[in-house]
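Structure first, commentary second.
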Amino acid sequence: MTESSRQNASPNLGQVGMLICDGDVRWDVGELHRLERGGSPPLPAAAAAYLATLSGPEQRNTQRAYRSTLRALTAEFAPPGTHVLLAELDDEQGSDRLAAWFADRWSGRAAATFNRHLDALRSAVTFWMDQGWLAADPTRRLWRRGRAPDRTRALAVADIEALFDLEAPLREKTLWTMLYETAARASEALGLDIEHLDRRNRRARVTRKGSSVDIIVWQTRTARLLPKLLAGRGNGPVFLTERRARVALATGDLDPVTGRARLSYRRAEEIFNQLTKPLAHPDLTDPADLAAAPGWTLHDLRHSALTHAAENGANTGTLLAYSGHASVASLARYTRVSPDALTRWQARRDLHRRG
C-alpha cells in the first residue's frame, strides 16, 4: 500500500483488527478495508480480508471451506516470495488465466465439488468488487455445472456391514460410523468440537448447511467408539490430524494439548476413498486396476442412511429431522427405494414364486 493510499483512505469502513503477512510486509485488514476505492491490495491480503468477514461462530464451516479454495488461488497466482496485486485478475488475460486454472484443477471432480469451489471464489470476488478492488468479475467465463440425478448412491446394508468390519484406524471407523448412524454431512461431523457432544444422550449440536443449528443423534456403535477416540480429552475438535499443525490455524481448529489440527474434509475423503476401493470393486484383483478405480465417498454414507431409513418406514417428518433438510423437495433424491429393496418388494408380491 502506498503512503498516499494510507493518507487518503476513508475511515468509514471500520477496523477488523487482524494482521496478515504478505512476504516481508505486514498488512492490517482494517487498513485494507480503508484502501482508497480503486486501489489494489496484494492477492493474499485481499483473500485474508474477505475471510475475516466470515468470523461469526455460525460461519466457521463456511470460512474453513472457502479458505481452502482461496489458498489454492493464492498458491497458484501469488506463490511465496512474490508480490502479486489482486488487480492482475482484473483484465482479460487475468480472467482467461483464472478460468483455465480453475477448469484444470476442478473440472475432473464431481459437479458438487466444482460448484462449491466456484461459489467460494465468486463470494470473495463479490466482496472485492464491493470494496472497489476489482472492476470486473474475473470468474465470468466459468459456469456452474448441472448435476444429473444419481440413482445408485445408496450402498446396500451388506456393504455397510462390510465397511464396519473393515480393518481401519479408530478415527476413521468412528467418523464413518457416526456419519451413517446420524446421516450428518461430513462437514458437519468434522466441524464438531468435544464441547458440542452430549454423550449421555448420544447426540450433538451441529451447524447445518446454511448456518442453522441442529441436533444429530447416534446409536450404540458410535457411543462405544467415541470414548476410545477422545481418550479423556475434554475440549477441542473431535476428529484430529495425526500430526501437529504445520501452518498457523485458528485456535478453535487445534487441540490445545497436542497442537494437532482438525481433520479436513479433503483428507477424510481421500482416506475413505482409498480404504473402500476393495469393497467398491470386489472383482478387481490386479493392484494397478484397483489403485486406478474409485472408492466410495463420505456422502455415500449419508445417502445410504437416509435411503435405509425410508425403506424401514421412517415418515417424512422424521426424515426431515434426520437429514437436516428444510424442504421435502431436497429430501426426495435420498428416499428413492434402492434396487435391493425394490427386488425384495417384488419377491414378496410375486404370486408365482416357488415355495
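- Of the possible polar contacts, none joining the D193 side chain to the E195 backbone as a donor-acceptor pair under 3.5 Å is found.
- For E270 and R267, the salt-bridge test passes: some basic side-chain N is under 4.0 Å from an acidic carboxylate O.
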**Request:** Please assess R221 against T174 for the test side-chain hydrogen bond (donor to acceptor under 3.5 Å, both in side chains), listing each intermediate value before the final yes or no.
**Result:** CA-CA 8 Å; R221 272 197 179 108; T174 307; over 6 Å; no
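- Side-chain atoms of D255 do not come within 3.5 Å of backbone N or O of A261 as any donor-acceptor pair.
- Rounded to the nearest 0.5 angstrom, L179 CG and H299 NE2 are separated by 11.0 Å.
- In this model, no donor atom of one side chain and acceptor atom of the other lie less than 3.5 Å apart for R64 and S264.
- Within the model, atoms OG of S304 and CD of E311 stand 9.5 Å from one another, a figure rounded to the nearest 0.5 Å.
- Neither V257 nor V238 shares a network with the other; the hydrophobic side chains, linked directly or stepwise wherever heavy atoms of I, L, V, M, F, W or Y lie under 4.5 Å apart, form separate groups for each.
- One hydrophobic cluster, built from ILVMFWY side chains closer than 4.5 Å, holds both L226 and F164.
- A donor-acceptor pair is defined here as one N or O able to donate and one able to accept, closer than 3.5 Å; no such pair exists between the side chain of H325 and the backbone of L319.
- Looking only at distances, a side-chain donor or acceptor of T74 sits under 3.5 Å from a matching main-chain atom of R71.
- No donor-acceptor pair closer than 3.5 Å links the side chain of K209 to the backbone N or O of E188.
- Across L306 and A183, no two heavy atoms sit closer than the pair CD2-CB, 3.9 Å.
- Rounding to the nearest 0.5 Å places OG of S40 at 9.0 Å from CH2 of W133.
- Under the rule for a side-chain contact (heavy atoms from CB on, under 4.5 Å), the partners of A99 that lie at least two apart in sequence or sit in another chain are R141, L142.
- Taking all atoms of both residues into account, the shortest heavy-atom contact from L331 to T316 is CD2-O, 4.4 Å.
- Inter-residue side-chain proximity for H196 and V206 is flagged as unmet; no heavy-atom pair is nearer than 4.5 Å.
- Annotation: Q346, atom CD; neighbour count of heavy atoms from other residues, nucleotides and ligands within 6.0 Å is above 12.
- Remark: aromatic rings of W101 and W106 are close, center separation under 6.0 Å.
- Atom CZ of R302 sits about 11.0 Å away from atom OG1 of T307, to the nearest 0.5 Å.
- Of the possible donor and acceptor atoms, one in the side chain of T82 sits under 3.5 Å from a partner among the backbone N and O of P79.
- In terms of heavy-atom proximity, T69 sits nearest to A120 at OG1-CB, 3.6 Å.
- Counted by atom type alone, S123 and Y50 present one or more donor-acceptor pairs between their side chains at under 3.5 Å.
- Judged by distance alone, with hydrogens and angles left aside, the side-chain atoms of K277 form a donor-acceptor pair with the main-chain N or O of A291 at under 3.5 Å.
- Considering only heavy atoms from C-beta on, F102 comes within 4.5 Å of L121 through its side chain.
- Looking only at distances, no side-chain donor or acceptor of T222 sits under 3.5 Å from a matching main-chain atom of W218.
- Looking at heavy atoms from C-beta onward, T139 lies in side-chain contact with L98 at the 4.5 angstrom threshold.
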**Message:** Run the side chain to side chain contact (heavy atoms under 4.5 Å, CB included) test on R233 and L240 for me, step by step, so that the C-alpha distance in whole Å, both residues' side-chain angles and the decisive distance to 0.1 Å come before the verdict.
**Reply:** CA-CA 12 Å; R233 290 192 294 123; L240 296 172; 3.4 Å; yes
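- In this structure, R262 contributes its side chain and L190 its backbone to a donor-acceptor pair below 3.5 Å.
- W176 and L197 fall within a single hydrophobic cluster, where Ile, Leu, Val, Met, Phe, Trp and Tyr side chains are chained together by heavy-atom contacts under 4.5 Å.
- Minimum interatomic distance between L284 and D289 (heavy atoms only, all atoms of both residues): CD1-O, 3.9 Å.
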**Request:** Begin with the C-alpha distance, continue with both residues' side-chain angles, and end with the deciding distance and a verdict on side chain to side chain contact (heavy atoms under 4.5 Å, CB included) for L301 and I160.
**Result:** CA-CA 8 Å; L301 295 176; I160 296 295; 4.0 Å; yes
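- Taking CZ of R244 as the reference point, atom CZ of R260 lies at 10.5 Å (rounded to 0.5 Å).
- Between the NE2 atom in H117 and the CG atom in L73 there is a gap of 12.0 Å [rounded to 0.5 Å].
- Look at R203 and D198 and you find a salt bridge, because one of the NZ, NE, NH1 or NH2 atoms lies within 4.0 Å of a carboxylate O, short of that distance.
- Contact between D90 and A135 at its shortest, heavy atoms only, is OD2-N, 2.8 Å.
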**Message:** One pair to check against side chain to side chain contact (heavy atoms under 4.5 Å, CB included): D159 and L279. What are the steps and the verdict?
**Reply:** CA-CA 7 Å; D159 288 333; L279 299 178; 6.0 Å; no
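- In this structure, L89 and L86 have side chains that are in contact, with non-hydrogen atoms separated by less than 4.5 Å.
- With hydrophobic clusters built from ILVMFWY side chains whose heavy atoms lie under 4.5 angstrom apart, I194 shares a cluster with L170.
- Partners of R144 according to the side-chain contact (heavy atoms from CB on, under 4.5 Å) rule, which considers only residues two or more places apart in sequence or in another chain, are N115, L118, D119, R122.
- Contact of the L166 side chain with the E172 side chain is not registered, since no non-hydrogen atoms from C-beta on lie closer than 4.5 Å.
- In this structure, R109 forms no cation-pi arrangement with F114, as its terminal cationic atom is not both closer than 6.0 Å to the ring centre and no more than 45° off the ring axis.
- Heavy atoms only, all atoms of each residue included: R208 and A184 are closest at NH1-CA, 4.3 Å.
- Checked for salt-bridge contact, R97 and E92 miss the test: no charged N lies under 4.0 Å from a carboxylate O.
- Residues P256 and N235 are in side-chain contact: their nearest non-hydrogen atoms beyond the backbone lie under 4.5 Å apart.
- Put simply, F127 and F77 are part of the same group of oily side chains (I, L, V, M, F, W, Y) that touch within less than 4.5 Å, one to the next.
- The shortest distance between side-chain heavy atoms of P41 and L85 does not fall below 4.5 Å.
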**Message:** Show, in sequence, the C-alpha distance, side-chain angles and deciding distance for Y180 and H308, and conclude whether the side chain to side chain contact (heavy atoms under 4.5 Å, CB included) test is met.
**Reply:** CA-CA 10 Å; Y180 179 71; H308 297 164; 2.7 Å; yes
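- Between D214 and R205, the closest side-chain pair of non-hydrogen atoms is not below 4.5 Å.
- With S95 contributing its side chain and P138 its backbone, the two residues share a donor-acceptor pair below 3.5 Å.
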